[in-house]
> 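The structure is given below, and queries will be raised subsequently.
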Amino acid sequence: MNFVSIINKKKLGEELTREEITAFAEGAATGAVPDYQLAALLMAIRLKGMNARETTDLTLSMLRTGDVADLSAIPGVKVDKHSTGGVGDTTTLVLAPLVAACGVPVAKMSGRGLGHTGGTLDKLESIPGLTVSLTEERFIQQVKDIGLAVIGQTGSLAPADKSLYALRDVTATVDSLPLIASSIMSKKLASGADAIVLDVKTGSGAIMQTVEDSIGLAQAMVDIGRLAHRPVTAIVTGMDQPLGTHVGNALEVKDAIDVLAGRTRGDLLEVSLILGAKMLLLAGRTADENEACSLLEEAIASGAGLEKLRQMIRAQGGDERVVDDLSLLPGTPVRREVSAGCRGWCAAMDTTALGLAAQAMGAGRLRKEDPLDPGVGFILPVRIGDEVFPDTPLCTLFARTEAEADQAEQAIRAALTFAGAPVGRPPLWYAMVDGEGVKRS
Ligand code: URA
């Protein structure tokens, strides 16, 4: 197939055939098409878009370039959950144990941090001894034994996405609806779940920063799910501020344990309940959303959710004592309390800048091979809408050096905007999208 003519067609805004799209996905997975031609087509897609049929064909072609996990040995309906990426966004560590404690098996393959966003695998690896690399056999056995496993990908799922994502990252083509939808859905379909809950973030820390674009992305992924015969529910949730108050790998594990232990409530818990309830509904555990939320809340009150997390940590070789003793998680040599230093109402946060501040402290990678520092990051208790005074605690920094703490303090202050008059709190969620349509909050 003449790849130049495929690029040219899309450059002119024409529709690509299934065969042309398959050549693109296979060429990316095998290396048969050089990066410069792949990059040219990515940019043409970024600028001219794809229709629903092309987006679905791209997703399915990318899916077919690799393995598909077979979870059929696990009894029950397996429901996966995926977030498009955020800051302090550690819902998996909260909801996976809660959903499993409610009797629905959670066999989850998660990812690592990407750019300013955190990744579940990096967070889990901050627990001493815990491994996220299990064979498919051990993964399935663990879910059969305790109902829960969260690991890195087994086998080679959607290898086309691996090449294309790396190219998109360096060719300014990440922010393309068909490319994001096909990237996420090819991996989700490959991970073998029967149904999928998507948390589509929107706002200053999200890949899609406007509500309408985020709803469009949610709709595209629900449509792909329908054509692939996999029920998908997408919820568009706010990322105008970090979801939890803790940002950084071990810090987010602490935040999740505090929530599971019933010691803290807040947006992280609320969004985890919304997503977890959808998982229980899709799994057929209950037909009623309120009942689903009550079941999840009961799993917190009874300690069953925390116990499930303990079992998972033990099964994956980690030090389960962290569940009762948070001081066993990695710390840092420098801890600094920072106060607001001004009077006003928190009006806005540049959440991407906050994620980048944590990344610069060592919580994320600048290059793929960079090591992480599991202990670094910050606690930011202030939320949009809060009134602050000069001596109100603004954040606590956990850094490797005083110089890195200085840099982070500066970046965090620059990311926050204070107003002279009261400001409303942003909604937790904006829309739910499923096979029946879009429901706005
Ligand atoms: N997450 C993905 O896996 N792919 C994208 O394109 C964006 C977010």
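Numbering of ligands and ligand atoms starts at 1, following listing order. For clarity, every value in this text was computed on a predicted model and none was experimentally measured.
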> Listed by chain and number, what are the side chain to side chain contact (heavy atoms under 4.5 Å, CB included) partners of Asp213, not counting sequence neighbours?
Met208, Thr210
> Give yes or no for whether the N/O distance cutoff of 3.5 Å, strictly under, is met between Ser183 and ligand 1.
yes
> Let me confirm one number: the OG1-CD1 distance from Thr396 to Ile379, rounded to the nearest 0.5 Å.
5.0 Å
> Do the charged groups of Asp434 and Lys439 touch, with an N to O distance under 4.0 Å?
no
> Report the nearest protein non-hydrogen atom to atom 5 (C) of ligand 1: residue, atom name, distance rounded to 0.1 Å.
Tyr165 CE1, 3.2 Å
> I need the atoms of ligand 1 closer than 4.0 Å to a non-hydrogen atom of Ile207, numbered in the order shown.
7 (C), 8 (C)
> To which of Thr117, Ile184, Thr173 does the heavy atom nearest atom 1 (N) of ligand 1 belong?
Ile184
> When rounded to the nearest 0.5 angstrom, what distance separates NE2 in His116 from OG in Ser204?
8.0 Å
> Ser191 and Asp80: side-chain donor and acceptor closer than 3.5 Å?
yes
> Hey, is ligand 1 close enough to Lys187 that some N/O pair sits below 3.5 Å?
yes
> Can you find an N or O of Arg168 that's nearer than 3.5 Å to an N or O of ligand 1?
yes
